[in-house]
Trainee: 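Shown below is the structure under consideration.
Quick caveat, the model's predicted, so the values are computed rather than measured. Start at 1 and go down the list; that is how both ligands and their atoms are numbered. Both backbone and side-chain heavy atoms feed into the values below; hydrogens, waters and symmetry mates do not.
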Amino acid sequence: MPQWNCGCAHCTAARSKPQLRRLQASIAVSADGERWLIANVTPDIRHQITAFDKLVPAPPRRSPIAAVVLSDANIDHAFGLLELRQAERLSIYSTETVRDVLLAGCSALRPFAKPPNAWHIIGDSPVHVNDASGLPVGLRVRGIDVGGITPQFDGGRDVTGAAVGILVNDGAHRLLYAPCVGAMTDPLRRELALADAAFLDGTFYTEHELQAQALGTRTSRQMGHLPISGDGGTLPVVVGLGGKHRYYTHINNSNPVLDPASDALHALRDAGWMIAEDGLAFSLSKEAGSASGARR
Ligand SMILES: [Zn+2]
Ligand SMILES: [Zn+2]
């Protein structure tokens with residue numbers, strides 16, 4: 001925010017007040033604070049990397065970013081890979097569907113599926129995250145069914161593995177990253193109940209948000225996102241779930257929760273959830289007193 005072509009109230013305010021500007025949705029996770037897994041690579045990833053001191057490269061040209069995991073094939077979640085094209089070697093993790101949609105949709109991404117890069121497939125079973133030389137980074141990832149659809153450029157198809165929630169596990173803690181949730185599936189509920197930290201799809205507050213503000217024609221569900229509120233919205237379901245760190249993320253600029261004085265944000269807070277802010281950082285290991293976790 002602001003979106004380049006948008007004159008909505010939030011985007012307009014963000015143009016005049018830099019503190020209201022927001023980067024796209026992405027997180028970095030590490031077991032040792034040295035080597036990092038990036039969950040979703042946004043087109044603005046260069047700014048996100050620059051803003052986080054743990055991701056500063058070592059000389060002559062060595063990035064602490066060891067691997068990337070993708071929840072889906074949306075442009076705003078995956079096409080930051082083009083910015084990472086200079087990577088000497090990169091490990092990428094996604095479902096088979098996400099990989100195939102991306103490689104079919106953008107030939108410039110194909111080098112990421114060839115040596116010395118490696119594109120690994122994730123699904124229901126945990127997969128150890130390795131850097132491109134095959135060294136484990138102390139994390140496992142799993143794809144959690146969230147009933148999503150493929151991106152618009154692929155026709156918005158309802159196919160298996162189109163979008164998943166990403167479960168990151170270091171052996172002691174569980175972090176769930178799910179910025180695209182099309183359905184509150186049983187596996188998603190289960191992982192929300194077990195998570196020590198959760199980031200959940202907060203794209204839209206209401207089903208008809210874009211139409212109500214004359215910003216678009218499609219509904220929240222048609223775009224692959226359950227709304228936060230209303231009939232079948234996620235908020236009533238997630239009260240008491242999500243562990244100690246509960247954040248809605250991937251907030252669209254139309255979403256009323258971006259206004260600190262809104263009833264929407266109050267409702268969210270009353271339910272024990274927050275919205276993820278740029279630069280948010282926390283350590284799970286310090287709380288639990290064990291050896292690993294996401295830390296700054
Ligand atoms: Zn806007
Ligand atoms: Zn997105």
Side-chain angles (χ1 to χ4, degrees), residues 1-27 38-45 47-48 68-83 94-95 97-98 101-102 105-106 109 143 146-157 161-166 176-183 199-206 208-228 234 247-260 262 264-265 275-278:
M1 193 167 77
Q3 183 177 319
W4 69 278
N5 64 344
C6 190
C8 80
H10 291 154
C11 289
T12 302
R15 275 187 196 93
S16 57
K17 294 189 182 133
Q19 70 272 24
L20 296 179
R21 294 176 193 173
R22 295 169 60 89
L23 294 170
Q24 291 169 307
S26 170
I27 63 167
I38 306 287
N40 286 355
V41 190
T42 55
D44 63 9
I45 193 69
H47 301 286
Q48 305 221 16
V68 158
V69 59
L70 304 172
S71 64
D72 56 83
N74 277 293
I75 288 173
D76 63 320
H77 300 177
F79 277 59
L81 280 174
L82 296 175
E83 184 68 26
S94 78
T95 65
T97 301
V98 167
V101 167
L102 285 170
C106 181
L109 292 174
V146 292
I149 54 175
T150 65
Q152 220 178 354
F153 72 79
D154 182 69
R157 293 179 301 131
V164 290
I166 299 162
L176 178 69
Y177 187 68
C180 282
V181 172
F199 292 87
L200 187 63
D201 185 347
T203 312
F204 300 111
Y205 194 69
T206 53
H208 298 281
E209 191 167 304
L210 291 181
Q211 296 146 310
Q213 297 179 54
L215 299 173
T217 54
R218 292 190 295 159
T219 68
S220 177
R221 282 179 177 80
Q222 282 169 354
M223 296 179 74
H225 301 286
L226 283 181
I228 296 174
T234 54
Y247 297 98
Y248 275 102
T249 187
H250 195 259
I251 316 286
N252 193 56
N253 50 65
S254 56
N255 195 320
V257 298
L258 290 172
D259 176 358
S262 64
L265 186 60
I275 60 173
E277 303 290 352
D278 288 11

Trainee: Work out the angle at the Zn ion (ligand 2) between OD1 of D76 and NE2 of H77, rounded to 10°.
Mentor: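 Angle OD1(D76)-the Zn ion (ligand 2)-NE2(H77): 90°, rounded to 10°.
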
Trainee: Given the Zn ion (ligand 1) as the apex, I'd like the angle to SG of C6 and OD1 of N253, rounded to 10 degrees.
Mentor: 100°

Trainee: Within less than 2.8 Å of the Zn ion (ligand 2), any N, O or S from H250?
Mentor: yes

Trainee: Is there a side-chain contact between L210 and L215 in this structure, where contact means two heavy atoms from C-beta onward sitting under 4.5 Å apart?
Mentor: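 Answer yes - side chains close enough.
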
Trainee: Where the Zn ion (ligand 1) is the corner point, what angle links SG of C8 with SG of C11, to 10°?
Mentor: 110°

Trainee: So, using ring pair (Phe, Tyr, Trp, His ring centres under 6.0 Å) as the criterion, who are the partners of Y248 when residues are at least two apart?
Mentor: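 Listed in chain order: W273.
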
Trainee: Quick one: sort the F204 and H225 rings into parallel, tilted or perpendicular, breaks at 30° and 60°.
Mentor: perpendicular

Trainee: Considering only distance and modelled atom types, tabulate donor-acceptor pairs under 3.5 Å from the side chains of residues 251-259, sequence neighbours left out.
Mentor:
| unit_1 | atom_1 | unit_2 | atom_2 | d |
| --- | --- | --- | --- | --- |
| N252 | ND2 | S254 | OG | 2.7 |
| N253 | ND2 | Q3 | OE1 | 3.0 |
| S254 | OG | E209 | OE2 | 2.7 |
| N255 | OD1 | V257 | N | 3.0 |
| N255 | ND2 | G202 | O | 2.8 |
| N255 | ND2 | T203 | O | 3.3 |
| D259 | OD1 | A261 | N | 2.9 |

